[in-house]
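Let me begin by presenting the structure, written as structure tokens, before commenting on it.
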Amino acid sequence: MKLNPKQDEAVKYISGPCLVLAGAGSGKTRVITNKIAYLVQECEYQAKNIAAVTFTNKAAKEMRERVLQTLGKKESKGLWVSTFHTLGLEVIKKELKTLGYKPGFSLLDDQDTNQLLSELTEKELEKDKDLLNLLKMQIGNWKNELILPQRAIQEAREPQKALFAQLYARYQIQLRAYNALDFDDLIMIPTLLLGQNSTVRERWQSRFRYLLVDEYQDTNTSQYQLVKLLVGERARFTVVGDDDQSIYSWRGAKPQNLVLLSKDYPGLRLIKLEQNYRSVKRVLKAANILIANNPHEFDKKLFSELDMGEPIRVIATRDEEHEAERVVAEIISHKFMKRTSYRDYAILYRGNHQARVFEKSLMSNRIPYKISGGMSFFSRSEIKDIMAYLRLLVNQDDDNAFLRVVNTPRREIGPVTLEKLGSLANERHIGLFAACFEQELTHRLAGRGYNALMGFARWVVELSDRAVRGDTLEAVKDMVREINYEAYLYESSPSAKAAEMRMKNVSELYKWITDMLTGDADNPPMTLPEVVSKLTLRDMLERNEEEDDSDAVQLLTLHASKGLEYPHVFMVGMEEGFLPHQTSIDEENVEEERRLAYVGITRAQETLTLTYAKNRRQFGDVSTPELSRFVLELPQDDLHYEGKKKTVASQNERMEQGQARVANLRAMLKR
DNA sequence: TGAGCTTCATTTTTT
DNA sequence: ATGAAGCTCA
């Protein structure tokens, strides 16, 4: 398919900074991939001097595949396509010396971070999960704003913030001691480094001579700065975004960065992609009218050359069970009449808990479905265990990993032994693992504990030596075998079946690890540290293609639906307090909720159905929610109401009628 | 260490 | 209502 004029302009404008405002379904990925191809084929850029950055691994993978399709393997060789975090990791890896980290540093995920923080606060916060989360969020915010502990301490006003700032300082020191980084560090540290060190900055600026960024409205301050520093004075870059699809401000995204960009780069070329290739005219009209209720920095109006499409249905149901049954019934009959597939249908909701009723209903009707979210593979305890072992092999300063692993499976190394080991490590300012080899330890520990601990420590040393020396695959293999993990799982799981499941996960992980260590035609073998960080970043890329050929109805949150499309979309729970979520109403942040609704609507290709329940059991008792204001904001002529219509509009009508009657009575009385 | 009890919340999530 | 997660007592 040929590019439309706007897309073509976006592809061919390469002489300066470029902002592409790409509406939903306007072919932004096409623009990015074609632009990369254009740079290589027509503009004498080498692929290795181009970087494309995304937020998720999924998006990076998709982009890489599409570039490969247009450019071919040879011409795209060396092209850098990754998430922000993987890019940051690359910078850190290459600048280790300057930064003063040791090779083989660990990456801590969210859970590890929590654990570390609760240790730092002497477990004071362990029970107070809210406070712990608040602390973690605050630290994350500081890092996203590129504020180091020192400045955080200076600027803290309220006592709580001052305390948090102190903890932030200690947290960063602890991370250093562990030779570890958290996810936010992967952005903050390279950004600060590039800002301070002009040699390093120039090195990276000449490595990446053209930069493309996807989903720009989701960038936070540190990511914005990172991009700015990477492109430097030359400012050869293209960023693609849509302020109307900014739905992540609650985790630090600054859609204002789109505006900031035109201030930072006065020569910025702004290109709007307004033709939508996804949705039917009516859906688009509804989306446009809805989002027009939000204030805008950039005016943008999507249009479509597809059919008008059917009216948007608004279905009232008795309660949430009826809602679920109704939606499922609609899917069944629609599929039967139109001969579609299950995968053509998506049910979108605001909160994960809403999925349950729909699952139940789908299940009892024996309809295959796929649900997004839930416990992720990598937060399962068996996976975390194995990952901790690997981390310890790679980085013996990682006390976090040490503690997780030292007595799992049981090695008779109890809290008393660890307590003593810990205090020795503290006195000497060394890690727990290093403390195992202190002479002093023999005096402090009883024979049994000491022997158990030494047995473990020596075992780790031996394995890690082998892994470093190049016998990595065998070392990992032996490790998994020697810890007898399977036996441990059967012992500690509530049922044999659960143990089996968990062992299956472990085998899966093990298979990935061996594949990555071995390499294949397209991928060179990786070192163990590389494997560990890749796995922590969930960046498995080409491997492990979970090709989804299953034909199933899709259940997902509105957030998770961004970037996806379905022929037939059901948005359920269209109620005040639910779609504009109550907390957002209270915090007067309805605009982001409206964008969320906008994202949902623009997922639909052909038909869109909105449902709501007139009674909803919530928190134990029954409430009678009102139809979402967003439905009332849609063009009413394009809606088709079904079920007993009890909208706010009709309530208003009734009220007006009532008032009129009262007025009449008054008038009569006067006479 | 574990079954059974109480308590508790109940938006969105990636890396 | 409901389910998860922590907690207690044996």
Side-chain angles (χ1 to χ4, degrees), chain A residues 53-61 82-90 92 107-113 123 126-130 133 136-137 140 143-144 181-188 214-215 218-220 222-223 226 245-253 319-321 348-357 360 372-379 410 414 491-495 533-541 556-563 573 575 577-587 589-590 592-593 595-597 599-600 615-623:
Chain A
V53 187
T54 64
F55 276 85
T56 63
N57 291 307
K58 203 172 141 206
K61 183 182 164 187
S82 80
T83 62
F84 267 102
H85 294 267
T86 303
L87 177 67
L89 178 67
E90 173 76 3
I92 293 172
L107 282 182
L108 302 193
D109 70 13
D110 252 30
Q111 276 179 57
D112 305 321
T113 300
K123 314 242 172 192
E126 197 153 56
K127 26 196 153 59
D128 201 337
K129 268 190 121 191
D130 276 352
N133 266 330
K136 190 175 70 184
M137 264 175 56
K143 290 189 174 187
N144 289 158
L181 302 165
D182 66 16
F183 285 142
D184 295 323
D185 285 338
L186 289 180
I187 313 293
M188 177 178 79
D214 192 16
E215 303 281 12
D218 289 341
T219 51
N220 58 36
S222 59
Q223 288 157 341
L226 181 59
Q245 291 187 70
S246 160
I247 53 175
Y248 286 111
S249 67
W250 50 275
R251 68 179 194 212
D319 52 35
E320 68 269 322
E321 267 141 30
L348 309 183
Y349 38 81
R350 177 67 231 261
N352 278 312
H353 63 278
Q354 289 172 266
R356 193 175 288 135
V357 219
K360 216 165 94 187
S372 82
M375 174 99 114
S376 92
F377 183 80
F378 282 89
S379 50
R410 292 270 125 65
E491 228 166 74
S492 62
S493 300
S495 70
S533 51
K534 254 200 179 334
L535 286 169
T536 312
L537 288 177
R538 326 277 134 99
D539 182 7
M540 277 71 75
L541 303 172
L556 62 173
T557 62
L558 287 162
H559 283 89
S561 76
K562 194 170 78 159
E575 294 147 33
F578 236 166
L579 186 38
H581 193 271
Q582 192 55 49
T583 26
S584 296
I585 297 174
D586 296 341
E587 288 164 14
N589 184 25
V590 180
E592 181 142 321
E593 299 286 309
R595 290 193 289 268
L596 207 46
V599 166
N615 300 288
R616 193 172 283 275
R617 261 171 293 174
Q618 214 181 176
F619 313 147
D621 45 23
V622 187
S623 62

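Only a predicted model underlies this, so the values are computations on that prediction, with no experimental measurement involved. The sequence lines fix the lettering, A, B, ..., with proteins before strands; numbering per chain opens at 1.
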Exercise for the section: Please name all residues satisfying salt bridge (Lys or Arg N to Asp or Glu O under 4.0 Å) with Asp185(A), sequence neighbours left out, ordered by chain then number. Expected result: Lys143(A)

Exercise for the section: Kindly write out the residues that satisfy salt bridge (Lys or Arg N to Asp or Glu O under 4.0 Å) with Asp110(A), not counting sequence neighbours, or none if the list is empty. Expected result: Lys136(A)

Problem - By ring-ring contact (aromatic ring centres under 6.0 Å, His included) - contacts of Phe84(A) (at least two apart) - result: Phe55(A)

Handout entry: Euclidean distance for C1', dT12(B) against dA5(C) (whole angstrom)
Key = 22 Å

Problem - Pairwise C1' distance for dT2(C) and dT13(B), with rounding to whole Å - result: 24 Å

Practice task
Check every strand shown and say whether Thr583(A) touches a base, only sugar-phosphate, or nothing at a heavy-atom separation below 4.0 Å.
Solution key: base

Problem - 5' priority, DNA chain B, between Glu593(A) and Phe55(A) [closest heavy atom] - result: Glu593(A)

Practice task
Indicate, with a heavy-atom threshold strictly under 4.0 Å, whether Arg617(A) touches base, sugar-phosphate, or nothing.
Solution key: nothing

Practice task
With C1' as the reference atom in both, quote the distance from dG6(C) to dT11(B) in angstrom, rounded to an integer.
Solution key: 24 Å

Problem - Non-neighbouring partners of Gln582(A) that pass side-chain hydrogen bond (donor to acceptor under 3.5 Å, both in side chains), sequence neighbours left out - result: Asp586(A)

Completion exercise
Sorted by chain and number, sequence neighbours left out, ring-ring contact (aromatic ring centres under 6.0 Å, His included) with His559(A) holds for Tyr248(A), Trp250(A)

Fill in the blank from the handout: In this structure, CG of Asp182(A) is separated from CD1 of Ile187(A) (nearest 0.5 Å) by 10.5 Å

Problem - Rounded distance in Å between the P positions of dG3(C) and dT14(B) - result: 24 Å

Practice task
Assign Asp110(A) to base, sugar-phosphate, or nothing according to its heavy-atom contacts below 4.0 angstrom with the strands shown.
Solution key: base

Completion exercise
At a 4.0 Å cut-off to heavy atoms of chain A, the contacted part of DNA chain B spans dT1(B) to dT15(B)

